[in-house]
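Order of the sequence lines fixes the chain letters, A, B, ..., with proteins taken first and strands second; residue numbering starts at 1 for each chain. Just so you know, these numbers use all the heavy atoms, side chains as well, and skip hydrogens, waters and symmetry mates. Keep in mind that what you see is a predicted model, and the values were worked out from it rather than measured.
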There are 2 protein chains.
Amino acid sequence: MPVSRLTADKKGEPVESTLEARAELFQDAMGFGGLGRDQIEKLAALATLRRFSKGEMVFEQDQPCQYFHLVATGLVKVYICSSSGYRMTYLLARRGEPLNLIGPFTGDPRFLCAEAMQETQVAHIPRHDFVGFVAQNPILFNNIMAILSKAVDSANSRLIDMVEKRVEERLIRVLLTLLDKFGAEIRLTSSELAELAGTTVETTLRTMARLRSLGIIESERGQVKIIRPASLKNPERLPLWV
Amino acid sequence: MPVSRLTADKKGEPVESTLEARAELFQDAMGFGGLGRDQIEKLAALATLRRFSKGEMVFEQDQPCQYFHLVATGLVKVYICSSSGYRMTYLLARRGEPLNLIGPFTGDPRFLCAEAMQETQVAHIPRHDFVGFVAQNPILFNNIMAILSKAVDSANSRLIDMVEKRVEERLIRVLLTLLDKFGAEIRLTSSELAELAGTTVETTLRTMARLRSLGIIESERGQVKIIRPASLKNPERLPLWV
DNA sequence: GCTTTGGTATGACCGTGGTCATAGAGGCTG
DNA sequence: CAGCCTCTATGACCACGGTCATACCAAAGC
């Protein structure tokens with residue numbers, strides 16, 4: 001235990017990839033619009049791909065940020081977990097979505113974790129390379145601010161939901177958000193939904209039983225299917241950003 | 001009512017000020033470290049001061065962002081308020097603290113409000129001027145990211161607190177945070193504390209009664225005094241960012 | 001094959017804290 | 001001064017949802 005493994009933060013296994021494939025990834029990634037092809041390729045040249053199996057950590061809390069991460073394939077959940085083991089998921093990132101926009105700038109450890117939910121590949125760019133690149137392409141700064149704006153608003157909006165909305169409403173909001181992003185068939189377990197809605201598995205199961213009995217959803221092991229989205233929708237309920 | 005006052009977003013009253021005084025303000029403002037004196041003065045030249053009485057709004061939700069705001073004197077609370085009137089304060093800004101770091105970049109309306117809690121003066125910089133200035137001084141990028149990092153972490157940390165901590169702990173955390181920032185004499189009402197802790201006035205009053213009976217705090221109308229901070233402190237309880 | 005693990009399902013219990021009601025005290029205004 | 005509003009204070013009530021327990025099923029592992 002006293003032997004600290006300084007190299008332990010190398011996560012995942014390297015994957016071979018072509019510059020072309022990486023450029024393709026950044027081309028339509030979130031937050032990189034407005035760059036010329038030459039810049040995209042410069043960025044792609046800085047990146048390497050790594051693969052992660054289901055359940056593997058892409059990065060862990062309280063570790064200094066070394067890389068900027070962008071999902072290439074698969075699905076990654078980014079969450080915070082408290083001292084007492086409570087988890088709260090606040091991002092489900094798929095191809096083209098960045099995992100840590102802030103980290104690279106400060107380099108400081110924060111308390112986010114990222115875990116692969118499936119077989120996944122993630123592009124890594126050393127943080128200084130990334131920050132240097134952004135400095136040379138100020139348009140990225142605006143893009144990044146736009147994304148952070150949504151992230152902060154979403155966090156604040158959830159905060160309000162936690163005080164004034166009950167579990168059922170929060171869960172519905174989560175389901176609607178997932179419907180927008182992933183379609184009507186949501187391949188998540190109840191415990192994953194619970195971590196998104198900020199409640200327990202039991203309450204999530206109970207609430208889903210109610211929605212099921214109303215014919216609004218169907219569910220089986222590891223999957224929820226929204227049958228009548230209209231019954232969930234409510235004009236004043238804007239989706240979260242997950 | 002149908003007469004929409006297009007100029008109604010001009011808030012507060014203009015205040016005369018010298019370039020020197022404004023430069024002084026930006027000199028030691030949060031997020032502007034690392035600028036040369038010439039740049040500070042360029043920035044100060046873009047700013048104008050406005051005054052607000054207690055209770056006046058500096059900006060309101062759902063309005064496009066026109067200015068970057070920096071508190072010069074007084075105290076401003078920034079909060080979100082939900083459709084049903086629930087409020088959650090998430091920033092108490094005093095001299096040198098920015099009110100809206102993200103807004104100027106996107107310009108989009110968000111759902112933050114800012115309200116003067118005392119007689120207050122706020123520096124305004126038109127958002128395009130501000131964004132242009134930041135683009136010319138990339139060091140500000142890093143400063144801004146560092147602040148946003150704290151803001152996002154604080155929001156997420158609160159989110160976890162809402163699920164797993166009870167009101168007493170949340171309130172204690174708020175009190176400790178305020179102790180760090182404003183000293184042992186906290187001039188806030190119970191309802192203001194409630195909005196910081198994410199609970200109701202009644203529960204806040206009850207909880208404070210308990211802390212008072214334990215001799216940890218004293219309180220009178222509009223003021224709380226922390227007598228024995230050590231009894232509240234707990235190594236694993238890091239302060240919020242308010 | 002059997003065992004283990006993780007997901008689903010549901011009942012019972014009860015504590016935290018929100019809601020409503022009432023009341024007094026301090027401060028501001030006309 | 002009266003009148004009003006805000007802040008403080010506290011009691012009574014009870015529902016939402018967390019916790020614990022049990023059970024069943026499917027998939028994975030030895």
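- Residue A/Thr199 places its side chain closer to D/dG18 than to any other of D/dG18, C/dA9, C/dG7.
- Atom pair B/Glu218:CD and D/dA9:C1' shows a separation of 17 Å (rounding to whole Å applied).
- In the set D/dA9, D/dG17, C/dA9, C/dA9 carries the atom at the smallest distance from any side-chain atom of A/Leu205.
- Under the 4.5 Å side-chain criterion, counting only non-hydrogen atoms from C-beta, A/Phe111 is in contact with B/Ser157.
- The separation between B/Met117 atom CE and D/dC7 atom P is 11 Å, rounded to whole Å.
- The number of heavy-atom neighbours closer than 6.0 Å to CZ of A/Arg95, taken from other residues, nucleotides and ligands shown, is above 12.
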Under 3.5 Å, which N/O atoms of the protein pair with N/O atoms of nucleotides 19-22 of chain D?
residue: D/dT19; atom: O4; partner: A/Arg206; partner atom: NH2; Å: 3.1

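- Taking 4.5 Å as the limit, some side-chain heavy atom of B/Tyr86 sits within range of a side-chain heavy atom of B/Thr200.
- B/Glu168 places its CD atom 13 Å from the P atom of C/dG18, with the value rounded to the nearest Å.
- Between A/Thr204 and A/Glu192, every side-chain heavy-atom pair lies at or beyond the 4.5 Å cut-off.
- More than 12 heavy-atom neighbours from other residues, nucleotides or ligands sit within 6.0 angstrom of CZ on B/Arg94.
- Comparing A/Val163 and A/Met208 along DNA chain C, the residue whose closest nucleotide (by nearest heavy atom) sits nearer the 5' end is A/Met208.
- Residue B/Arg212 places its CZ atom among more than 12 non-hydrogen atoms of other residues, nucleotides or ligands, all under 6.0 Å distant.
- Note: CG (B/Asp161) to C1' (C/dG17) measures 16 Å, nearest angstrom.
- Mapping B/Ser190 and A/Arg166 onto DNA chain D by nearest heavy atom places B/Ser190 at the nucleotide closer to the 5' end.
- Looking at B/Gln121 and B/Arg51, their side chains never bring a donor and an acceptor atom within 3.5 Å of each other.
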Collect all protein-nucleotide pairs involving nucleotides 25-27 of chain C in which both atoms are nitrogen or oxygen and the distance is under 3.5 Å.
none

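- Rounded to an integer number of Å, the gap from A/Gln223 CD to C/dT8 P is 11 Å.
- Looking at A/Arg206 and A/Thr199, their side chains never bring a donor and an acceptor atom within 3.5 Å of each other.
- Whole-Å rounding puts the B/Leu171 CG to C/dT16 P distance at 16 Å.
- As rounded to whole Å, 13 Å separates atom P of D/dG17 from atom CD of A/Glu164.
- Contact annotation: the side chain of B/Arg110 approaches that of B/Ile102 to within less than 4.5 Å [non-hydrogen atoms, C-beta and beyond].
- In this structure, CG of B/Leu188 is placed 15 Å from C1' of D/dT6, rounded to the nearest angstrom.
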